[in-house]
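Data first, discussion second: the structure below is written as structure tokens.
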Number of protein chains: 2
Amino acid sequence: MESSVQDNIRSQMRKGLVEYCILNMLARKESYVSEIIEELKDADMIVVEGTLYPLLIRAKNQGLLSYRWQESPQGPPRKYYFITEEGRKVLACMDGIWTGIINSVDKIRRGE
Amino acid sequence: MESSVQDNIRSQMRKGLVEYCILNMLARKESYVSEIIEELKDADMIVVEGTLYPLLIRAKNQGLLSYRWQESPQGPPRKYYFITEEGRKVLACMDGIWTGIINSVDKIRRGE
DNA sequence: ATAACTACCTTGTATTGCAAGATATTTATA
DNA sequence: TATAAATATCTTGCAATACAAGGTAGTTAT
């Protein structure tokens, strides 16, 4: 199935990071899957449904997110996810981790 | 076995990134496992043997790295890894991917 | 009725990081 | 000569995530 080293790296580098991005988005405003995917695409961060649904369920089970149903102007009802207080705490922690990772990579790239 | 959400996130965020860091280090000078681990630790990027050995073998099999044996002043001989021309090409590509990821996360954090 | 659209969700695979081991060489010491 | 310590190498099994490729169901227009 021909997958280049580069494609794989791109995928691997994003492990865990997608959750961080989604918590960030939902910390600003609640949203549902299709809309989340569109907004991530606008930021050049492609994510597909098969990634997003399990992620949202995991985050909900961990108490980081919650959701509510809402009628759609057209089509079936939408499941709007929003961040919880616990989610905001974890997000703040993730901010520190992300900053730390950027600093570490930078040190290594510059040769310490 | 008590593992916090934060510990997990830290681990996941680093998927793929460790390879990028090691290619960067080996692009500057050849090195062997214990030394690589020490230098990563100096940059606050903790990596253990069980992570590093499989990674180096994979990168060698992909043609990104090669190695040579060298006697040690004390103890068993060391396996010095160094980057190949192909490895440098992939590293250049990964630079772009990493920069792109930082930009994407930044956009999302700022609210697009 | 039926098709198109939108929304939901699941299953199986590939990949990686890590804990917890095992094995082998050299050197110092009892 | 044993034996312990230090320094290397490497493997196995598990947990976690991203993705491809599916499936189900409600709403609306033809």
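We name chains A, B, ... by the order of the sequence lines, and we start the count at 1 in each one.
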Figure out the [atom1]/[atom2] separation between [X] and [N], and round it to whole Å.
X       : N      : atom1 : atom2 : value
B/Leu56 : D/dT9  : CG    : C1'   : 12 Å
A/Ile57 : C/dT11 : CD1   : P     : 10 Å
A/Leu52 : C/dT6  : CG    : P     : 18 Å
B/Tyr20 : C/dT16 : OH    : C1'   : 19 Å
A/Gln62 : D/dT17 : CD    : C1'   : 12 Å
A/Met94 : D/dT17 : CE    : C1'   : 13 Å
B/Lys79 : D/dA8  : NZ    : C1'   : 11 Å
B/Arg78 : D/dA6  : CZ    : P     : 16 Å

List for me each residue that meets side-chain contact (heavy atoms from CB on, under 4.5 Å) alongside [X], sequence neighbours excluded, and say none if there are none.
X       : value
A/Lys89 : A/Glu86
B/Asp44 : A/Ser104, A/Lys107
B/Arg88 : B/Ala27, B/Ile83, B/Glu85
A/Ala92 : none

Which residue pairs pass the ring pair (Phe, Tyr, Trp, His ring centres under 6.0 Å) test when at least one of the two sits in residues 40-64 of chain B, sequence neighbours left out?
-> none
Closer than 4.0 Å, any side-chain N/O of B/Tyr53 to the OP1 or OP2 of D/dT9?
-> yes
Under the side-chain hydrogen bond (donor to acceptor under 3.5 Å, both in side chains) test, which residues partner B/Glu49, sequence neighbours left out?
-> none
Taking only residues two or more places apart in sequence or in another chain, which ones pass side-chain hydrogen bond (donor to acceptor under 3.5 Å, both in side chains) with B/Asn103?
-> none
Report each atom pair, protein N/O against N/O of nucleotides 17-19 of chain C, whose distance is under 3.5 angstrom.
from	atom 1	to	atom 2	distance (Å)
C/dG17	OP1	B/Arg14	O	3.3
C/dG17	OP1	B/Gly16	N	3.0
C/dC18	OP1	B/Arg14	NH2	3.4
C/dC18	OP2	B/Thr51	OG1	3.1
C/dC18	N4	B/Gly50	O	3.4

Identify each atom pair where a protein N or O and an N or O of nucleotides 27-30 of chain D are less than 3.5 Å apart, giving names and distance.
none

Ignoring hydrogens and angles, tell me if any N or O in the side chain of B/Asp106 forms a donor-acceptor pair with the backbone of B/Ile102 under 3.5 Å.
-> no
Does A/Arg109 use its side chain to pair, donor to acceptor, with the backbone of B/Met25 at less than 3.5 Å?
-> no
Side-chain atoms of residues 54-70 of chain A: list all donor-acceptor pairs with protein atoms under 3.5 Å, sequence neighbours left out, distances to 0.1 Å.
from	atom 1	to	atom 2	distance (Å)
A/Asn61	ND2	A/Ile57	O	3.3
A/Arg68	NE	A/Glu30	OE1	3.1
A/Arg68	NE	A/Glu30	OE2	3.3
A/Arg68	NH1	A/Gln70	OE1	2.5
A/Arg68	NH2	A/Glu30	OE2	2.3
A/Arg68	NH2	A/Gln70	OE1	2.7

Tell me, which of residues 21-45 of chain A have any heavy atom that sits under 4.0 Å from an atom in DNA chain D?
-> none
Restricting to pairs with a member in residues 31-41 of chain A, which pass salt bridge (charged side-chain N to carboxylate O under 4.0 Å, His left out), not counting sequence neighbours?
-> A/Lys29-A/Glu35, A/Lys29-A/Glu39, A/Glu38-A/Lys41
